[in-house]
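First comes the structure, then the notes that go with it.
We number each residue from 1, following the sequence as shown. Order of listing sets the numbers, starting from 1, for every ligand and every atom in it.
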Amino acid sequence: LRQALEADHLDAFLVLHLPNVFYLTGFTGSNAALLVSSRDATLFTDRRYAIQAKQEVSARLVRVRIVRGPVLEACSSVFSKAVRRIQRVGFEAARVSVRQKEALASSAGKQTRWTAWDGHIEADRAVKDSSEIAIMQDAADIACSSWEEVLPLVEPGVLETDLAAEVEYRMRRKGAAGPAFDTIIASGERSAWPHARASCKPIRKNELVVFDLGAILRGYSSDLTRTVYVGRAPAVVKQWYRAVLEAQQAARDALRPGISAAQVDAAARQVLQRAGLGSKFTHSTGHGLGLEVHEMPRLGKGEKTILMAGNAVTIEPGIYIEGQGGIRIEDDLVVTPTGAQLLTPAKRELLEIE
Ligand SMILES: [Mn+2]
């Protein structure tokens, strides 16, 4: 990070985005500002986190300052005290509110020059090392086994929220810090909403049910989607399902270092287009996964990012047909030096639950 700052002629970098603070320091509290300069690093937080910060943050690398007022105020007081040494400061323009930026600028004073410096930590985070991948594998295992355990509970009459609760309970029992996002259980017509939260709707016979769930483990998220049919699936549903599965397989097969994110997206999209379902696939093929559920790289149309070993991504094409239902199949994978490694081996063929 310091080399990158120097290359861009910055004296310091102010980090407010908490996943970035965690990545750089290990601090998991909810209130923090981290100032990294060429010579030192200071984490500002409040008294609720005094003991926690001492345990989570290496005192050798990062000084912790417990402050009484807003962390941003304390942080900008550093600028006015170190006017010679810190003049050009990089900040996360995409993460800072207009009000925060104004407060920073006015308390730091005119001598401080602010430069939007986004995406650098996120780019580092996009490449996972083996210890991160090991945690992500465990988070993926928790999601897969929790989904499999809940399948026997799927029957007409059970509510979407019942199934969501059962999934989340099981993930917790397996050691998850919590769900990575609000568990999606979307049945019948609602399965055509790509991001439907579980509702009080009962599952009925002859419906598609989309499960989209993930666990947080030691900061890292998993993200798994499977679609089942309650009853005997009609031919048209089987045809849709086959097309989505084939699209998903094509994108998984394409995933390797050196390929662009757009090419992985195109691999899935072409299959659905050939099946006449291109217009029903209304989102991108996947996204980076890690400390956040959606992070770099995005696997979508026109994304020029070249994938490299260590990238952890989802592959999740889906189709959504208003009034009828939706189908999505999502796995988590890590790009390896020769291809990709699957983290979520949960059953992928169409399950007809009778
Ligand atoms: Mn996803």
Side-chain angles (χ1 to χ4, degrees), residues 19 122 125-126 128 132-133 135-147 150 160 163-164 167-168 171 176-186 190-198 208-217 219-228 241 244-245 247-252 254-255 261-262 264-265 267-269 272 280-301 303 305 307 311-320 326-335 340-348:
E122 285 83 351
R125 281 173 40 199
K128 274 76 180 175
E132 294 178 290
I133 293 166
I135 300 171
M136 292 189 70
Q137 178 65 72
D138 290 344
D141 288 342
I142 289 173
C144 288
S145 60
S146 299
W147 174 69
V150 167
E160 291 176 355
L163 295 176
V167 164
E168 293 182 10
M171 294 196 299
F181 48 87
D182 284 330
T183 301
I184 295 171
I185 311 282
R190 296 186 78 255
S191 60
W193 306 11
H195 270 183
R197 283 186 190 167
L208 286 160
V209 185
V210 172
F211 291 75
D212 187 347
L213 54 116
I216 302 179
L217 189 70
Y220 290 83
S221 291
S222 54
D223 192 359
L224 172 78
T225 306
R226 290 292 184 264
T227 305
V228 303
Y241 194 92
V244 174
L245 187 58
Q248 207 252 2
Q249 179 77 49
R252 284 196 284 123
L255 196 60
V264 178
D265 178 76
R269 208 165 290 281
L272 290 170
K280 309 298 181 193
F281 178 22
T282 47
H283 51 74
S284 56
T285 293
H287 52 83
L289 183 68
L291 293 178
E292 289 176 277
V293 179
H294 296 99
E295 54 179 58
M296 284 166 62
R298 198 178 82 88
L299 305 183
K301 254 188 203 165
E303 292 287 333
T305 314
L307 299 182
N311 286 153
V313 296
T314 69
I315 300 283
E316 53 173 312
I319 57 166
Y320 309 93
I327 295 168
R328 181 169 64 257
I329 303 168
E330 175 180 35
D331 285 303
D332 304 342
L333 296 100
V334 178
V335 180
Q341 173 195 340
L342 179 70
L343 302 181
T344 45
K347 252 187 235 152
R348 219 173 279 113

Exercise for review: Determine which of the N, O or S atoms in Asp223 is closest to the Mn ion (ligand 1) and give its atom name.
Suggested key: OD2

Point to revise | Ion pair check, Arg197 and Glu160, cut-off under 4.0 Å | key: no

Check your understanding: Near the Mn ion (ligand 1), is there an N/O/S atom from His287 that is less than 2.8 Å away?
Key -> yes

Check your understanding: Within Glu316, is some N, O or S atom less than 2.8 Å away from the Mn ion (ligand 1)?
Key -> yes

Point to revise | NZ/NE/NH1/NH2 to OD/OE distance under 4.0 Å, Arg226 and Glu330 | key: no

Review point. Taking just the N, O or S atoms of Glu330, which one is nearest to the Mn ion (ligand 1)?
Key: OE2

Point to revise | Salt-bridge contact Glu295-Lys128 (side-chain N to carboxylate O under 4.0 Å) | key: yes

**Study point:** Aromatic plane relationship, Phe211 with Trp147 - under 30° parallel, 30 to 60° tilted, over 60° perpendicular
**Key:** perpendicular

